[in-house]
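Structure, as structure tokens:
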Amino acid sequence: MLGLSALLGPRSRLTRAGAEPYESGIVSTGGARLRLSAKFYLVAMFFVIFDLEAVYVLAWGIAARETGWAGYVEIMVFLAILIAALVYLWRTGALDWAPKRQRPADRRY
């Protein structure tokens, strides 16, 4: 199929204007390589983790009556582990956006 489409398909010449990226009619400037801080990726991972937590808790909430006390204990253990992870991240400074300010050294002359 690929060979047939290459033989029978339309031939197009690649011009300079056709080779440039098209962004909704806006002329692109700069490179595509954008350097982001590692904190950006940390926040993205936290979002995914806690978003999945919300999905699991919602699913448990829908089936809470059928799961009974065993399901209640399991969701409490699940939430306790996630809260412990959040407290750990908070205490280690993973959630801090700005670097900590350093106090000026005590100057004695």
Side-chain angles (χ1 to χ4, degrees):
M1 292 299 259
L2 289 175
L4 221 82
S5 67
L7 287 174
L8 299 176
R11 305 266 189 261
S12 63
R13 293 185 193 175
L14 194 59
T15 61
R16 186 172 188 194
E20 290 187 18
Y22 180 75
E23 291 289 333
S24 302
I26 300 170
V27 178
S28 61
T29 58
R33 305 278 185 228
L34 178 64
R35 300 191 86 173
L36 297 173
S37 170
K39 298 244 183 217
F40 173 80
Y41 296 106
L42 275 173
V43 169
M45 286 190 296
F46 295 151
F47 174 76
V48 169
I49 290 168
F50 290 108
D51 194 38
L52 287 174
E53 170 199 1
V55 169
Y56 288 136
V57 171
L58 180 67
W60 171 80
I62 291 171
R65 290 188 184 186
E66 288 86 15
T67 60
W69 284 104
Y72 180 76
V73 170
E74 288 175 8
I75 199 69
M76 288 299 126
V77 169
F78 176 71
L79 290 174
I81 291 170
L82 285 173
I83 289 171
L86 183 61
V87 168
Y88 171 76
L89 291 171
W90 185 19
R91 299 279 303 219
T92 59
L95 301 177
D96 294 336
W97 281 100
K100 290 185 179 182
R101 289 189 212 168
Q102 294 181 357
R103 285 195 267 160
D106 194 19
R107 296 182 185 179
R108 295 182 185 173
Y109 294 102

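Two residues are said to be in side-chain contact when any heavy atoms from C-beta on lie closer than 4.5 Å; Val77 and Glu74 fail this criterion.
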Distance-only criterion, 3.5 Å: show the donor-acceptor pairs between side-chain atoms of residues 55-66 and protein atoms not counting sequence neighbours.
unit_1	atom_1	unit_2	atom_2	d
Trp60	NE1	Gly71	O	3.2

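Checked against side chain to side chain contact (heavy atoms under 4.5 Å, CB included), Met1 has no partners two or more places apart in sequence or in another chain.
Alongside Val87, the hydrophobic cluster contains Ile83 (criterion: ILVMFWY side chains under 4.5 Å).
Distance CD1/Ile75 to CG/Leu82: 8.5 Å, rounded to 0.5 Å.
Under the 4.5 Å side-chain heavy-atom criterion for grouping Ile, Leu, Val, Met, Phe, Trp and Tyr, Phe78 is not connected to Val73 through any hydrophobic cluster.
By the 6.0 Å contact criterion, OH on Tyr72 is open, its count of non-hydrogen atoms from other residues, nucleotides or ligands being 12 or less.
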